[in-house]
Amino acid sequence: MTIKVRVRFAPSPTGGLHLGGVRTVLYNYLFAKKHGGDFILRIEDTDQTRFVEGAEKYIFDCLKWCGLEPDESPLHGGPCQPYRQSERKPTYLQYALQLIEQGNAYYAFDTPEELEKMRSDYKTAENPSPQYDARIRMKMSNSLTLPAQKVKELIDAGTRYVIRIKMPENETIRFDDLIHHEVSFDSGLVDDKVLLKADGMPTYHLAVVVDDYLMGITHAFRGEEWLSSAPVHILLWKYLFGLGNMPQWAHLPLILGPSGKLSKRDGAKYGFPVFAMNWTDPRSNEFTEGFKEKGFLPEAFINLLAMLGWNSGTEQEIFTKEELIKNFSIERVHKSGAKFDFEKAKWFNQEWIKKLPVTNYADSVKELFAAKNIPLKDDTYFIEVLELVKDRCALLTDFIEQAGYFFQAPAELDAASVMPKWNESKKEFFDQYCQDLEQLNEWDVSSIESLFKNLATEKNIKPGELQLPLRIMLVGGKFGPAVFEIAGMIGKVATIERINKGLSIFTQ
RNA sequence: GCUCCCAUCGUCUAACGGUCAGGACUCCAGAUUUUCACUCUGGAAACACGGGUUCGAUUCCCGUUGGGAGUACCA
């Protein structure tokens, strides 16, 4: 019998969801779906001081937008409720006490001030950050150094205490990581991490192990920043639930920014989004841009994230979510960190804009237009326009410039591209052309075009000399599809209006 | 400082002892387009260094260097 795959993503609701976080979700999700397993979202809100209003909902919104919704979560329910660690608080104490009984943990009464004093007292040039470890724990105030009676008195008196793991002194802790393979640590070099805080809440270290066990997690994928504390978790598994029940670990390589680790600041500094969606910290009011609002398609977003540290072994780069699920394998995830490249990210999005039917993202573009007060016509026309200009758009926001002139006259004309070669005979040409257009019964592209070319021949002007001015009049700049196509789309009235307006500007 | 992780074009990557080291993004040139883009063709661009092992190393081992992470009653 094979055990059902169960994976989890366990964010703390402290702020935006960044690239690396979404990619961790993605790999978890892909792995679970590939193996017919469950993807669980657990909220790790054990630090009350860092709780941020709205952060949890924001995470759900991001996952929904990405199409990576969990099977179980505080929002979706599930058999292992509750999925918020703050609501599981009573659970953790018993395991901490079990560890004390087994001799694997102890009470520590040191105050924050005492800890600080210890750190400064033992700080040297060779050891800038002294740890609470085997060498110094016997010099501190804890149940290892105090007589049992005294410990009992302190606890009975309500003295604040924490419970720390007692790291063995000379043990090599090994484990097999799905990505890094065998990793080993010397237990004597790891400090006695706090397991249960003075407020009764567990730290991440205890909570992650207890909940992974209680929720039946079979595979635990997380960022590489956790690799250093893995020995603590391995030991906890050994002491509490047995190494045989421990999930398979995979520590994902980090996503780097242009200079070192990717940070919120990089986004602002280099002009690319870092979070999945816009996020404003309610406390500091600090705003961080999101991929969604920047104009990314969710399909492109997960595609580009998937390729940042993983590849299928083929030369295929564009993958649908279904293809990713089919092809994903944790063994093909890279060991080294990947630098995020916004240019390549845009390329992925452009490919997806071209690949997807415009109807898939027409509503998003509509919202963008509404925000810019661009008037909309009927849907058929709208779709037709998007189809016409989609090849020119890397971001959804590019549609504003590339499609806006189909709905309203350009606000400004690139007169500089026309003026140097502008002359009276061209003005006469356009005057005449307007009159001819007015008479046109059938407003179709070929008539508009042949009228233009015939008149040009008649006036003895090269059509090429005239097309650019016409384009500038209709579009505003040197871009867009074929001019006559545009005239055909915007209609007789708008075409003539825009030519006349252009004429008045060029002939000043 | 200490611990751990990592190392192929500028960037993302392929290669699992023998390849002209392949692809993609970016950049450059050309074709196409009477604009811009798309598309197509071509080009520039990498095995960090030093030792081993081997008939043969980008590939395996060791060291050096470089980069990253951790070193909280944060996750």
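In the text below, chain A, chain B and the rest are named by the order of the sequence lines, each starting its count at 1. On a predicted model such as this, the values are computed, not experimentally measured, just so you know. Below, all heavy atoms of this structure are taken into account, side chains as well, without hydrogens, waters or symmetry copies.
Residue A:D47 is classed as a sugar-phosphate contact, given heavy-atom separations below 4.0 Å to backbone atoms only. Within the nucleic acid shown, A:L196 has no heavy atom closer than 4.0 Å to any nucleic acid atom. Using a 4.0 Å heavy-atom cutoff across all strands shown, A:G313 reaches no nucleic acid atom at all. No contact: A:P11 has no heavy atom under 4.0 Å from any strand. Using a 4.0 Å heavy-atom criterion, one finds that A:E315 contacts the sugar-phosphate atoms exclusively. A:H334 comes within 4.0 angstrom of the backbone, heavy atoms only, and of no base. Nucleic acid contact for A:A108: none, since no nucleic acid atom lies under 4.0 Å from a heavy atom of the residue. Within the 4.0 angstrom heavy-atom criterion, base atoms lie near A:D110. Nucleic acid contact class of A:S12 (heavy atoms, under 4.0 Å, all strands): sugar-phosphate only. Among the heavy atoms of the strands, none lies under 4.0 Å from A:T314.
Considering only side-chain N and O atoms, A:R471 lies nowhere under 4.0 angstrom from the phosphate OP1 or OP2 of B:C36. The phosphate of B:A15 has OP1 or OP2 within less than 4.0 Å of a side-chain N or O from A:R332. For A:H180 and B:C6, the shortest distance from a side-chain N or O to OP1 or OP2 is below 4.0 Å. Between A:N311 and the phosphate of B:A14, there is a side-chain N or O to OP1/OP2 separation shorter than 4.0 Å. Listed pair A:K346 / B:U11 fails the phosphate criterion, with no side-chain N or O lying under 4.0 Å from OP1 or OP2. One finds no side-chain N or O of A:S336 lying less than 4.0 angstrom from the OP1 or OP2 phosphate oxygen of B:C5. Note on A:H205: every side-chain N or O is 4.0 Å or more away from OP1 and OP2 of B:C74. A:K354 has no side-chain polar atom (N or O) that falls below the 4.0 Å cut-off from OP1 or OP2 of B:C38.
A 6.0 Å sphere centred on CD of A:E412 holds no more than 12 heavy atoms belonging to other residues, nucleotides or ligands. Summarising the local packing, CZ of A:F407 is surrounded by more than 12 heavy atoms from other residues, nucleotides or ligands at distances under 6.0 Å.
Straight-line distance between the C1' atoms of B:C73 and B:U65: roughly 39 Å, to the nearest whole Å. Nucleotides B:C6 and B:U59 are separated by 16 Å at their P atoms, to the nearest Å. One P atom belongs to B:A21, the other to B:C47, and the distance between them is 12 Å to the nearest Å. Taking atom C1' on both B:U32 and B:A37, the two are 12 Å apart, rounded to the nearest angstrom. Rounded to the nearest Å, the gap between the C1' atom of B:A44 and that of B:C27 is 8 Å. For B:U54 and B:C20, the P atoms lie 25 Å apart once the distance is rounded to whole Å. Straight-line distance between the P atoms of B:C5 and B:C9: roughly 22 Å, to the nearest whole Å. B:U13 and B:A31: their P atoms are spaced 36 Å apart (whole Å).
In terms of polar N and O atoms assigned as donor or acceptor, the side chain of A:R392 comes within less than 3.5 Å of the base of B:C36 in a complementary pairing.
Counting all heavy atoms, side chain and backbone alike, A:P410 lies closest to A:M473 at CG-O, 3.9 Å.
With a cut-off of 3.5 Å on both pairing distances, the Watson-Crick or G-U wobble partner of B:C2 is B:G70. Across every strand in view, B:C16 sits unpaired, with no contact that passes the Watson-Crick or G-U test at under 3.5 angstrom. Searching all strands for a Watson-Crick or G-U wobble partner of B:A29 with both distances below 3.5 Å returns B:U41. Nucleotide B:U54 forms a pair with no other nucleotide shown, judged by Watson-Crick or G-U wobble geometry with both contacts under 3.5 Å. Using the Watson-Crick or G-U wobble rule with both distances under 3.5 Å, B:U11 pairs with B:A24. Under the Watson-Crick and G-U wobble criteria, each requiring two contacts below 3.5 Å, nucleotide B:U64 is paired to B:A48.
Checked by atom type and distance alone, the side chain of A:S184 never pairs as donor or acceptor with a backbone atom of A:R174 at under 3.5 Å. Proximity of a side-chain donor or acceptor of A:S12 to a complementary backbone N or O of A:T14 within less than 3.5 Å is not detected.
A residue-by-residue look at A:K339 and A:K335 shows that A:K335 has its nearest nucleotide of RNA chain B further toward the 5' end. Both A:K478 and A:S228 sit near RNA chain B, but only A:K478 has its closest nucleotide nearer the 5' end.
Taking only side-chain atoms of A:S129, from C-beta outward, the nucleotide of B:U71, B:C25, B:C5 with the closest atom is B:U71. Closest to the side chain of A:K344, out of B:C12, B:C2, B:A75, is B:C12. Distances were taken from every side-chain heavy atom of A:V194 (C-beta onward) to each of B:C73, B:A69, B:C25; the shortest belongs to B:C73.
Rounding to whole angstrom units, CD of residue A:E317 and P of B:U11 are separated by 16 Å. Here B:G70 presents its P atom at 10 Å from CH2 of A:W226, a figure rounded to the nearest Å. Rounding to whole angstrom units, CD of residue A:E225 and P of B:G68 are separated by 15 Å.
Ring geometry for A:Y361 versus A:F399: interplanar angle of 30 to 60°, hence tilted.
At least one cation-pi condition fails for A:R160 and A:F109: the charged atom is not both under 6.0 angstrom from the six-membered ring centre and inside a 45 degree cone around its axis.
Among the candidates A:D133, A:L206, A:V232, the single residue satisfying the side chain to side chain contact (heavy atoms under 4.5 Å, CB included) test with A:K193 is A:V232.
Judged by distance alone, the side chains of A:R332 and A:N311 do bring a donor and an acceptor atom under 3.5 Å apart.
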